[in-house]
Amino acid sequence: MSGLQPPRGTHDLIGETMRRHHHVVETARRVLRTYGFEEWSTPIFEDTRVFSRTLGETSDVVSKEMYTFEDRGGESITLRPEGTAAICRALVTNGLTQSLPQKVFYHGPMFRYERPQKGRYRQFHQIGAELIGAESPLRDAETIAMAQDILRELGLGEHVTLELNTLGDLASRQAWREALVAYFRDHADALSEESRIRLEANPLRILDSKSEQDRKLLDDAPAFADYLNDESRQFWDTLRASLQAFGVDFVENPRIVRGLDYYSHTAFEFVTSKLGAQGTVLAGGRYEGLVEQMGGPAIPAIGWAGGIERLAMLLDSVPELPAGIALVPMGDEAVLKAASIVRTLRSAGLRAEIETRGNMKKRMERVVKSGASHAIVLGDEEIAKGVVQLRDLSSRDQQEVPVADLVRVLSTGRA
RNA sequence: GCGGAUGUAGCUCAGUCGGUAGAGCGCCGGUUUGUGGUACCGGUUGUCGCGGGUUCGAUCCCCGUCAUUCGCCCCA
């Protein structure tokens with residue numbers, strides 16, 4: 001109870017928590033394969049510039065949430081706060097900009113120095129996918145469809161809705177941003193204190209504000225739709241048509257913006273109301289300048305990342321270990337015999353364990369509690385005859401089975 | 001970084017108007033080491049989150065701290 005605790009915002013993945021976590025990753029991995037995505041694993045720490053350059057110096061993540069330190073050689077190192085920048089770095093480092101598209105997924109721990117809350121940790125886990133070399137909005141739609149498939153496979157289809165927005169291209173966004181800043185400057189008095197700060201640092205964030213006074217102001221703010229140039233508008237139209245073609249339902253939400261600077265055009269979030277303030281469960285968008293910032297050519301990409309802890313908390317059912325077979329040997333000789341039987345069962349792919357503690361009643365109690373489907377009881381008498389007692393724990397039927405026939409009986413269910 | 005709540009056995013929680021603590025569940029053993037989750041009997045568990053202060057005496061009061069949780073910020 002006292003003594004050493006895990007550091008603030010970290011937690012141990014044990015038992016049910018770990019099974020849920022694992023189920024999320026395994027399910028995602030299965031779906032991702034069907035889309036032709038391949039798994040990459042990049043270092044957990046990187047040269048600080050990988051993140052500081054690309055995420056935008058003014059973003060909160062870079063300015064106050066990164067775990068940055070100097071290593072013994074004097075290099076500035078950062079524990080990765082997200083996955084995308086590192087994937088782009090790896091793409092360039094490994095010379096893969098010549099062979100596009102690259103369809104990549106990853107999962108693992110990320111680190112952000114934030115105030116912990118339910119579903120928000122300092123070390124948390126993400127699973128993410130990046131399609132680098134995404135030539136058309138069709139790829140955006142496909143990548144979003146993939147995310148939706150994963151959520152459905154996890155049984156979260158009912159809990160989660162897709163919210164979609166366009167951020168336009170750089171030119172559209174700049175024109176709109178100027179109009180927006182001008183508008184808010186004129187109404188600075190009516191803005192909340194926080195939004196007045198955002199006005200200078202990251203004005204698009206004001207759209208996201210939860211303050212009521214800001215919301216009122218937003219109704220009359222310049223609408224982005226009026227600033228979309230033809231190219232951006234066409235992209236947006238094609239994206240929505242493609243999503244429909246892939247069978248993806250979505251809700252347009254003009255207030256969706258991105259915390260990180262490298263996004264353009266597509267921005268989306270899968271949202272739930274079941275996790276309090278941490279409602280976003282998976283989010284992503286299109287980014288066009290990131291590979292270039294890593295020293296490669298300008299390559300457009302689309303990607304997303306999901307919070308594994310948040311997804312795991314939403315799962316209705318908890319995956320269990322497969323039911324096993326329990327050996328209950330009575331007597332020293334029987335224990336050794338059980339060891340050899342258990343070995344045979346395991347090499348046949350069955351889960352098998354030996355129960356040796358306590359009297360027979362206690363052993364059977366533990367065996368039943370462990371969720372085993374069968375018990376195998378053996379003592380001197382059985383050993384002499386070369387058989388075991390095989391007991392089906394749900395029907396309570398017990399039969400005598402020759403040791404040599406065990407695997408066959410267990411896998412076919414008949415003698 | 002800001003504001004609120006919480007912290008007692010492995011778990012859920014009660015309690016002491018200040019005299020070092022309890023219930024249920026769980027766990028362990030027993031009812032002849034050859035048979036089932038329910039029965040009966042017995043047993044086990046705590047630096048009452050940590051540090052300091054007040055007091056003859058603190059788990060209880062005060063201060064600090066750590067952690068959890070809810071909201072803000074931000075985000076997955």
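Chain naming here is simple, since letters A, B, ... match the order of the sequence lines and numbering starts at 1 in each. Please read all numbers here as calculations on a predicted model, not as lab measurements.
OP1 or OP2 of B:U68 has at least one side-chain nitrogen or oxygen of A:Arg8 nearer than 4.0 Å. One finds no side-chain N or O of A:Lys118 lying less than 4.0 angstrom from the OP1 or OP2 phosphate oxygen of B:G71.
With C1' as the reference atom, B:U16 and B:A23 are 15 Å apart, rounded to whole Å. Between B:C25 and B:G64, the two P atoms lie 41 Å apart (nearest whole Å). Distance check on atom C1': B:G15 versus B:C48 gives 11 Å, rounded to whole Å.
A:Glu269 comes within 4.0 angstrom of nothing in the nucleic acid, heavy atoms only. Among the heavy atoms of the strands, none lies under 4.0 Å from A:Asp332. When heavy atoms are screened at a 4.0 angstrom cut-off, A:Glu365 is found touching the sugar-phosphate backbone but no base atom. If you check every strand for non-hydrogen atoms under 4.0 Å, A:Phe270 touches nothing. Among the atoms of the strands shown, only primed sugar atoms or phosphate atoms (P, OP1, OP2) are found under 4.0 Å from some heavy atom of A:Lys369. The residue A:Val368 sits close to a base: some heavy atom pair falls under 4.0 Å. In this structure, A:Glu355 reaches neither bases nor backbone, as no heavy-atom distance under 4.0 Å exists between it and the strands shown. Base contact: A:Arg115 has a heavy atom under 4.0 Å from a base atom. When heavy atoms are screened at a 4.0 angstrom cut-off, A:Gly9 is found touching the sugar-phosphate backbone but no base atom. Contacts of A:Gln389 with the nucleic acid, taken as non-hydrogen atoms under 4.0 Å apart, include base atoms. Residue A:Leu393 is classed as a base contact, given a heavy-atom separation below 4.0 Å to a base.
A:Ser52 has its side chain within reach of A:Arg49: a pair of non-hydrogen atoms, C-beta onward, lies under 4.5 Å apart. In this structure, A:Arg351 and A:Ile325 have side chains that are not in contact, with every pair of non-hydrogen atoms separated by 4.5 Å or more.
Side-chain atoms of A:Arg391 come within donor-acceptor range of the base of B:G36, with a qualifying N/O pair under 3.5 Å. For A:Gln398 against B:G34, a side-chain-to-base donor-acceptor contact under 3.5 Å is absent.
The partner of B:G71 is B:C2, by the rule that a Watson-Crick or G-U pair needs both atom distances under 3.5 Å. For B:G37, there is no paired base (Watson-Crick or G-U wobble, both distances below 3.5 Å). Shown here, B:U16 forms no base pair; nothing in the strands shown gives a Watson-Crick or G-U wobble contact with both key distances under 3.5 Å. Across all strands shown, B:G10 pairs with B:C25; the Watson-Crick or G-U wobble distances both stay below 3.5 Å. Across the strands present, B:U54 finds no partner; the criterion is a Watson-Crick or G-U wobble pair with both atom distances under 3.5 angstrom. In this structure, B:U65 and B:G49 make a Watson-Crick or G-U wobble pair, each of the two defining distances being under 3.5 angstrom.
Comparing A:Ile308 and A:Pro116, the nucleotide of RNA chain B nearest to each residue sits closer to the 5' end for A:Pro116. Taking the nucleotide of RNA chain B with the nearest heavy atom to each of A:Val377 and A:Thr280, the more 5' of the two is matched to A:Val377.
Of the residues in residues 122-132 of chain A, those lying under 4.0 Å from RNA chain B by heavy-atom distance are A:Phe124, A:Gln126.
Every side-chain hydrogen bond (donor to acceptor under 3.5 Å, both in side chains) that A:Lys385 has, sequence neighbours left out, goes to A:Glu400. Remark: A:Asp12 pairs with no residue by the side-chain hydrogen bond (donor to acceptor under 3.5 Å, both in side chains) rule, at least two apart or across chains.
Atom C1' of nucleotide B:A76 and atom CE of A:Met66 are separated by 17 Å, given to the nearest angstrom. Rounded to whole angstrom, the span from the CZ atom of A:Arg396 across to the P atom of B:G37 amounts to 8 Å. Look at CG on A:Leu151: it is 12 Å from C1' on B:A76, rounded to the nearest Å.
Using modelled atom types, no side-chain atom of A:Thr17 and backbone atom of A:Leu13 make a donor-acceptor pair closer than 3.5 Å.
Residues A:Asp169 and A:Ser172 have side chains that bring a donor and an acceptor to within less than 3.5 angstrom of each other. In this structure, a donor-acceptor pair under 3.5 Å is present between the side chains of A:His125 and A:Glu309. Side chain to side chain, A:Thr78 and A:Thr68 meet the donor-acceptor criterion of an N or O pair below 3.5 Å. A donor-acceptor pair shorter than 3.5 Å cannot be found between the side chains of A:Thr27 and A:Glu153.
If you look at A:Phe268 and A:Phe250, their ring centroids are not closer than 6.0 Å.
In the set B:G34, B:A67, B:U69, the nucleotide with an atom closest to the side chain of A:Glu381 is B:G34. Comparing B:G37, B:G29, B:C73 by their nearest atom to the side chain of A:Arg366 picks out B:G29.
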